[in-house]
Amino acid sequence: MYRFLERRLVEHLRAFLLRAYGLEAANIVVEQPPKIEFGEYALPLAFELARKLRKAPRKIAEEVVAGVGTIPGFEKLEVAGGGYINVRVNRAEVASALIADEAPAAEVPPGKVLVEHSSINPNKAAHIGHLRNAILGDTFVRMLRFAGREVDVQNYIDNTGAQVADVVVGFLNIEKKSRAEIELLAAAPRFDYVCWDLYARVSQWYEEDKTNLQSRSATLHAIEEGNNETAAIADLISVAVLKRHLETMERLDIEYDFLPRESEILHLHFWDAAFAKLKESGVLTFENEGKNKGCWVMRRAGTAKSETTAGMEDTANGNVPDSIAEEDQKVIVRSNRTVGYVGKDIAYHMWKFGLLGRDFGYRKFYRYPNAHECWISTIHGETEHPHFGDVAEIYNVIDARQSEAQNTVIEALRGLGHDEAADRYTHFSYEMVALTPRCAAELGYQLSEEDKSRSWIEVSGRKGFGVKADDLLDALIAAARTEVDARHPELSNAERADISTQIAIGALRYFMLKFTKPSVIAFDFKDALSFEGDTGPYAQYAAVRASNIFRKGGFDPDRFVRESDGGASAAPHDGAAGGDGASRVSTIDFAKFLGGESADDIWELWLTAAKTSYIVGQCIATTEPAYLAKHAFQLAQLFNTFYHRYPILIETDEDRKKFLLTTAALVRRELIRVLAIMGIDVPPVM
RNA sequence: GGGCCCGUAGCUCAAGCGGAUAGAGCAUCGGAUUUCUAAUCCGAGGGUUGCAGGUUCGAUUCCUGCCGGGCCUACCA
């Protein structure tokens, strides 16, 4: 709603500027006033125009206000200060549209979106860093779906890499386990924890004697080769750990559609197809000398062509591949003819955009309780399967450390002549989760003096140092359970368990979303286990309080606003609102309750509730989910103030009571919707 | 050496394309309606936005330089 009105305002302003001054305004900045008293929108455009029109800003602002005319849905424009234009909407009109949950159909770009997230090495338990990735990714998926996009969720599985090989080495060379024994372990609960510890021991074992590393390369080679006992063991381990990852993520309500694996990229020869095209287009060059002699290399992203070769390009007919300075070379194919992971990634991304000319085999892998099927790549697949890949846009949720590799893949696509694909390739980059020194000490890590002075300490899978995802979830559930038990002894065991879980997930998902992406999260149990203030449970509690009003008052919130369908899975609102409610409360009277300065506080609540799709749009455009967490918190905060200030059920003026109930119903609906987009449920009671 | 990111209150973080008095939470201190209430609400203190310049009517935001920190820069993945 808010978004729609803003667009309409801009259109009118643009028309006016053209009419009055003959100006084509490319970009009209619309701000939100610092205080609700100033109106709903603020325009600094008079300042920008002052130079161009050679007039005082204030004078221009006055002309705009006088000349722009009436705009449907708007009350008035007014000049403030030295030239600000503050804009006021017609509150009653906005309110009635909000109650009906009317939203003009937004234009949805064509084509499918592919979001890749999680991508955890299947050799050990998921940890808090993986949680940040999965929660960011899953929330972004929900945002895209809320905006009407069709989305495929992929989780890339590196099942043939060194990390899996290490755990295989651990079982075979250190533990001396047989295949049958490993199978037995893999079937036990939390096999991923076993691997977590073993992985750390293997790293230790390598350090003790460097010759032990030979086991790794032999194992790695056998795995890549396939069709042997070692490869079979690697497969059974990686599949078992992968299933554990899916279970862990399922606890957070995170699901995937497809699990492409590196083994298939290898065995279905994706690379061969890509290699041919990369050679043909000159993206790859063969080095005849230097330290990379015998390798196929490409220019690393972010490195510039050297002066000499760039200058000679014109005369050389442009056909000769530029030589790349040694330090700017990225080895794609090693001198022993094997392909590095960036090469595989290039092939994989050509597949994503439907540019490779090959496809995976598919089989069903995991069925969620809601009957949703998650598919996995395989060599010979089922004949009937959904169509993955060949998408219009991709988002790769991968931490910032891989930005150079990501950019190299993008440059490869450009070099192949696929600029349109490269432009729709987004590296959804975020910073890592580390531990505060205090948290590290709690986990038994010996801190050096230098460590103690750091603001964070990086987790390390190799050292087995970090907080496992399931452990954190268990701790959160236990902490929530203590509170729920104390508050609601009358509830059954199962009910208290459910509520505790919902609160734990709310706390965790909110915690991972409240930080902006470039911020390193210095993890600390004290902050993560907090249920007060700027947290998920705070927002959940506000929604529960809204429900309490209706339950205790014996009202149905449905009667006051058009019900939300839960948000995340919603199709774009069709706007063909159901004005069916004979019992629905009339909205006409509300003008008197929403008008004037005395109603500013309640109006601010309504206005904030109106911003959800506007905020989601911002989040998508900037790939920054943190704005939505901020929005949820603001809405909850404003509601809590309202809740405290206006006791509804004892209100004696019936019209005013209806108005207050409508306010609560509206906020309840929007809060539930916003939280659903973040993957957070609202418990029945708290 | 080169590339990317960061530096804001005691702590952890916000601040849409440059805009109005730089905001929250935590912590500290002081308060709160017998109500739909306390996983809450109200109030107080707390800031030279790392430093120095520049651009601008206006800079936490853009530019340059410095200081401090992180990540990347392997024929590992």
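Below, chains carry the letters A, B, ... as their sequence lines are ordered, and counting in each starts from 1.
Contacts of V484(A) with the nucleic acid, taken as non-hydrogen atoms under 4.0 Å apart, include base atoms. Using a 4.0 Å heavy-atom cutoff across all strands shown, Y510(A) reaches no nucleic acid atom at all. Within 4.0 Å (heavy atoms only), Y646(A) reaches at least one base atom of the nucleic acid. Counting non-hydrogen atoms under 4.0 angstrom, L649(A) reaches the backbone sugars and phosphates but no base. Residue-level contact check: E458(A) touches the backbone only, with heavy atoms under 4.0 Å from sugar-phosphate atoms and none from bases. Counting any heavy atom pair closer than 4.0 Å across all strands shown, K293(A) reaches a base atom.
Taking the C1' atom of each, G68(B) and G30(B) are spaced 39 Å apart, rounded to whole Å. Remark: the separation of the P atoms in U73(B) and A59(B) is 40 Å, to the nearest Å. For G25(B) and A15(B), the C1' atoms lie 15 Å apart once the distance is rounded to whole Å. Only the P atoms considered, U12(B) is 13 Å distant from G7(B), to the nearest whole Å.
Not counting sequence neighbours, Y510(A) has no partner by the ring pair (Phe, Tyr, Trp, His ring centres under 6.0 Å) test. The side chain to side chain contact (heavy atoms under 4.5 Å, CB included) test applied to P537(A) returns I503(A), A507(A), F531(A), T535(A), Q540(A), M686(A), not counting sequence neighbours. Evaluation of the ring pair (Phe, Tyr, Trp, His ring centres under 6.0 Å) rule for Y199(A) yields no partner, not counting sequence neighbours. With sequence neighbours left out, the side chain to side chain contact (heavy atoms under 4.5 Å, CB included) criterion links D601(A) to R645(A), Y646(A). With sequence neighbours left out, the side chain to side chain contact (heavy atoms under 4.5 Å, CB included) criterion links R487(A) to E483(A). Looking at residues two or more places apart in sequence or on another chain, you find a side chain to side chain contact (heavy atoms under 4.5 Å, CB included) between D399(A) and R401(A), Y430(A).
Relative orientation of the F550(A) and F560(A) rings is tilted, given thresholds of 30° and 60° on the angle between their planes. Ring planes of F639(A) and F642(A): tilted class, angle from 30 to 60°.
Using a 4.0 Å cut-off, no side-chain N or O of S530(A) falls inside it from OP1 or OP2 of G25(B). Look at Q637(A) and you won't find any side-chain N or O under 4.0 angstrom from OP1 or OP2 of C41(B). Taking only side-chain nitrogens and oxygens, Y430(A) never comes nearer than 4.0 Å to OP1 or OP2 of C5(B). A close approach under 4.0 Å does not occur between any side-chain nitrogen or oxygen of Y2(A) and OP1 or OP2 of G16(B). Note on R454(A): every side-chain N or O is 4.0 Å or more away from OP1 and OP2 of G69(B).
A donor and an acceptor atom, one from each side chain of N292(A) and E287(A), are nowhere located under 3.5 Å apart. For the residue pair N396(A) / H349(A), a side-chain donor-acceptor distance below 3.5 Å is found, with atom types taken as modelled. Residues T338(A) and R334(A) have side chains that bring a donor and an acceptor to within less than 3.5 angstrom of each other. Using modelled atom types, one finds a donor on one side chain and an acceptor on the other under 3.5 Å when comparing K124(A) with Q163(A). Side chains of D158(A) and Y341(A): a donor-acceptor N/O pair is absent below 3.5 angstrom, by distance only.
If Q329(A) and F47(A) are placed on RNA chain B by their nearest nucleotide, the residue sitting closer to the 5' end is F47(A).
Counting only heavy atoms from C-beta on, R300(A) has its side chain closest to U73(B) among A39(B), U73(B), A15(B). Here the side chain of Y643(A) is nearest to one of A77(B), U37(B), A39(B), namely U37(B). Side-chain proximity of K35(A) to the nucleotides C41(B), C71(B), U21(B) is greatest for U21(B). The listed nucleotides are C41(B), A39(B), A77(B); the one nearest the side chain of D158(A) is A77(B). Distance from the side chain of V29(A) is smallest to C17(B) among A20(B), C76(B), C17(B). When distances run from any side-chain atom of N292(A) to the nucleotides C75(B), A20(B), C41(B), the shortest one goes to C75(B). Out of G70(B), A20(B), U40(B), the shortest distance to the side chain of Y538(A) is found at U40(B). Closest approach to the M432(A) side chain among C13(B), A20(B), C71(B) is made by C71(B) (side chain taken as heavy atoms from C-beta onward). When the nucleotides C41(B), C75(B), A20(B) are ranked by their closest atom to the side chain of T641(A), C41(B) comes out on top. In the set A39(B), U40(B), C42(B), the nucleotide with an atom closest to the side chain of I503(A) is A39(B).
Counting distance only, with no hydrogens placed and no angle test, the side-chain atoms of S403(A) and the base atoms of C4(B) include no donor-acceptor pair under 3.5 Å. At a cut-off of 3.5 angstrom, the base of A20(B) holds at least one donor-acceptor pair with the side chain of N86(A).
Straight-line distance from the CD atom of Q406(A) to the P atom of G3(B): 21 Å, rounded to whole Å. Per the geometry, NE2 belonging to H427(A) stands 12 Å off C1' belonging to C5(B), to the nearest Å. A24(B) atom C1' lies 7 Å from atom CG of D534(A), rounded to whole Å. Whole-Å rounding puts the F525(A) CZ to C26(B) P distance at 21 Å.
In this structure, F633(A) does not count as stacked on the base of A24(B) under the 5.5 Å centre distance and 30° plane angle limits.
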Just list the side-chain donor-acceptor pairs under 3.5 Å for residues 35-44 of chain A, sequence neighbours left out, or say none.
residue	atom	partner	partner atom	Å
E40(A)	OE1	V89(A)	N	2.7
E40(A)	OE2	W603(A)	NE1	2.7
Y41(A)	OH	Y2(A)	O	2.6
Y41(A)	OH	E6(A)	N	3.4

Next on the checklist: One character per nucleotide, please: for nucleotides 6-12 of chain B, 5' to 3', B when the base has a protein heavy atom closer than 4.0 Å, S when only the sugar-phosphate does, - otherwise.
Outcome noted: ------S
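Each of V29(A), I85(A), V30(A), I60(A) was compared with L45(A) under the side-chain contact (heavy atoms from CB on, under 4.5 Å) criterion, and only I85(A) meets it.
Residue pairs that meet the side chain to side chain donor-acceptor pair (under 3.5 Å) test with at least one member in residues 631-644 of chain A, sequence neighbours left out, are Y538(A)-N640(A), R545(A)-N640(A).
Residues from residues 212-223 of chain A that place a heavy atom under 4.0 Å from any atom of RNA chain B: there are none. Residues from residues 49-59 of chain A that place a heavy atom under 4.0 Å from any atom of RNA chain B, listed by number: R51(A).
For G16(B), the base adopts the syn conformation, since its glycosidic angle falls within 90 degrees of zero.
Using a distance-only test at 3.5 Å, with no hydrogens or angles considered, a donor-acceptor pair links the side chain of E624(A) to the main chain of K517(A).
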Checklist entry - Taking only Watson-Crick and G-U wobble pairs with both distances under 3.5 Å, what dot-bracket line describes RNA chain B, where [ ] shows pairs that cross earlier ones and | shows pairs with another strand? => result (((((((..((((.....[...)))).(((((.......))))).....(((((..]....))))))))))))....
